Amino acid sequence: MNLTFNMMYWGPLLFKCEISKEHVEQLKQIINVKNPHNTKLAGDIKDQHQLTVSQMDKFREITNSYMQAFGRAYQTYYNKKGKLFVDVVDVWTNFMKPGDFNPIHVHYGCEFSSVIFLDVPDKLIKEQKSFKGTGHGPASLTFLTSVDKKDFITSHSFHPTTGQFFIFPKDLYHFVTPFKSKCTRISMAANFNVRYK
């Protein structure tokens, strides 16, 4: 018997894509290391720096095609019509070092949040591959919708690589586990709103 069936979209939109090596290098050129942002962020990461207005303009320019792809995914997932605009409100760079972590948290003052991984060192990738535990492993990025429930998918966990770009609703719980390797993982995070015309 050839039975027809449907599966329903359910829960939050979690968008993931790869950005080009060229765009990774361009984003590295606008990294800010002189504007500490720690007091406004949840992470136990010593080195977090907010981009200036002109650097945010460059960020918008570099990420525009990816944001447009997110817009198409958003419209498909939520069955929305019209022309979608993405308004970036805040961008910062994270320099994650051994022992740093992000506890379970959400974002405020926006509708969506995102993170682009600009440099994931080989030492860290090796540490992740050698991990033997039952947890998420070192430097994992995990998104949660609720506590574990039978027959529910309540979390997605990733070991991000250089160039991966994640976009998610601002109130989707997420966390990042620490690592031990003597290296620095660099990521750039942004908060933004969406609007229609």
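Keep in mind the model is a prediction, meaning the values are calculated, not measured. Start at 1 with the first residue, then count along the sequence. As a basis for the values below, the full set of heavy atoms in this structure was taken, side chains included, without hydrogen atoms, waters or symmetry mates.
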Next on the checklist: Quick one, H107 with D171, criterion side chain to side chain donor-acceptor pair (under 3.5 Å). Give me CA distance, side-chain angles, the key distance, then yes/no.
Outcome noted: CA-CA 6 Å; H107 291 225; D171 49 5; over 6 Å; no
Next on the checklist: Please determine whether side-chain contact (heavy atoms from CB on, under 4.5 Å) holds for the pair N38 and I45, giving the CA-CA distance in whole Å, both sets of side-chain angles, and the decisive distance to 0.1 Å.
Outcome noted: CA-CA 8 Å; N38 301 59; I45 300 172; 5.5 Å; no
Checklist entry - How far apart are the C-alpha atoms of S114 and F192, what are their side-chain angles, what is the distance that settles it, and do they pass the side-chain contact (heavy atoms from CB on, under 4.5 Å) test? => result CA-CA 8 Å; S114 64; F192 58 91; 4.1 Å; yes
Checklist entry - Do L14 and F158 pass the side-chain contact (heavy atoms from CB on, under 4.5 Å) test, and can you show the C-alpha distance, the side-chain angles, and the key distance before you say yes or no? => result CA-CA 12 Å; L14 176 56; F158 303 89; 3.9 Å; yes
Checklist entry - Could you go step by step and tell me if Q68 and N64 meet the side-chain contact (heavy atoms from CB on, under 4.5 Å) rule? => result CA-CA 6 Å; Q68 294 305 314; N64 182 57; 3.5 Å; yes
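Rounding to the nearest 0.5 Å places CD1 of I30 at 8.5 Å from OG1 of T52. With rounding to the nearest 0.5 angstrom, the CD atom of Q50 is 8.5 Å from the CG atom of L41. Here CZ of F117 is found 11.5 Å from CD of E18. Values are rounded to the nearest 0.5 Å. In this structure, L124 CG and K126 NZ are separated by 12.5 Å, a value rounded to the nearest 0.5 Å. Here CG of L118 is found 8.0 Å from OG1 of T162. Values are rounded to the nearest 0.5 Å.
Partners of K46 according to the salt bridge (Lys or Arg N to Asp or Glu O under 4.0 Å) rule, which considers only residues two or more places apart in sequence or in another chain, are D100.
Using bins of under 30°, 30° to 60° and over 60° for the plane-to-plane angle, the ring pair F70/F112 lands in the perpendicular bin.
Both L141 and L172 are part of a single hydrophobic cluster, where members link through side-chain heavy atoms under 4.5 Å apart. Tracing side-chain contacts under 4.5 Å through hydrophobic residues (I, L, V, M, F, W, Y), one reaches V194 starting from F165; they form part of the same cluster. Follow the hydrophobic side-chain contacts under 4.5 Å out from V86 and you reach F15 in the same cluster. Residues I62 and I116 share a hydrophobic cluster, clusters being chains of Ile/Leu/Val/Met/Phe/Trp/Tyr side chains in contact below 4.5 Å. The hydrophobic cluster containing V33 does not contain M96, counting ILVMFWY residues as joined when their side-chain heavy atoms lie under 4.5 angstrom apart, directly or transitively.
One side chain, S140 or T177, offers a donor N or O that lies under 3.5 Å from an acceptor on the other. For the 3.5 Å distance criterion, the side chains of E22 and Q26 qualify, holding a donor opposite an acceptor.
Looking at K180 and P98, their side chains never come closer than 4.5 Å, going by heavy atoms from C-beta outward. Looking only at side-chain heavy atoms (C-beta outward), P160 and F166 come within less than 4.5 Å of each other. Counting only heavy atoms from C-beta outward, the side chains of V176 and R185 approach each other to under 4.5 Å. Considering only heavy atoms from C-beta on, H49 stays 4.5 Å or farther from K34 through its side chain. Between I167 and M67 the shortest side-chain heavy-atom distance falls below 4.5 Å. At least one side-chain heavy atom of V24 sits under 4.5 Å from a side-chain heavy atom of I19. Between H174 and F168, some side-chain heavy-atom pair lies under the 4.5 Å cut-off. Here the side chains of T145 and P12 are in contact, with some heavy-atom distance below 4.5 Å.
Residues H37 and D90 approach most closely at NE2-OD2, 3.2 Å, considering heavy atoms. In terms of heavy atoms, I186 sits closest to I31 at CG2-CD1, 3.8 Å. Considering all non-hydrogen atoms of both residues, G43 and N102 come closest at CA-OD1, 2.8 Å. The two residues L51 and F59 come nearest to each other via the heavy atoms CD2-CB, 4.4 Å. The heavy-atom pair separating V115 from S187 by the smallest distance is CG2-CB, 3.8 Å. Closest approach of L84 to G71, counting heavy atoms only: CD2-CA, 3.7 Å.
Separation of the H136 and H156 ring centroids does not fall under the 6.0 Å cut-off. Aromatic rings of H23 and Y66 (six-membered ring for Trp) have centroids within the 6.0 Å cut-off, being under it.
Connectivity analysis of hydrophobic side chains (ILVMFWY, heavy atoms under 4.5 Å, direct or indirect) links F175 to I104, V106, Y108, L144, Y173.
Each of N32, N191, N35 was checked for a side-chain contact (heavy atoms from CB on, under 4.5 Å) with W92, and the lone residue meeting it is N191.
Of the possible polar contacts, one joining the E127 side chain to the S181 backbone as a donor-acceptor pair under 3.5 Å is found.
Sorted by first and then second residue, the pairs that involve residues 69-88 and meet side-chain hydrogen bond (donor to acceptor under 3.5 Å, both in side chains), not counting sequence neighbours, are D87-R195.
By the 4.0 Å N-to-carboxylate-O rule, K97 lies close enough to D47 to be salt-bridged with it.
In the displayed structure, K28 atom NZ is contacted under 6.0 Å by more than 12 heavy atoms of other residues, nucleotides or ligands.
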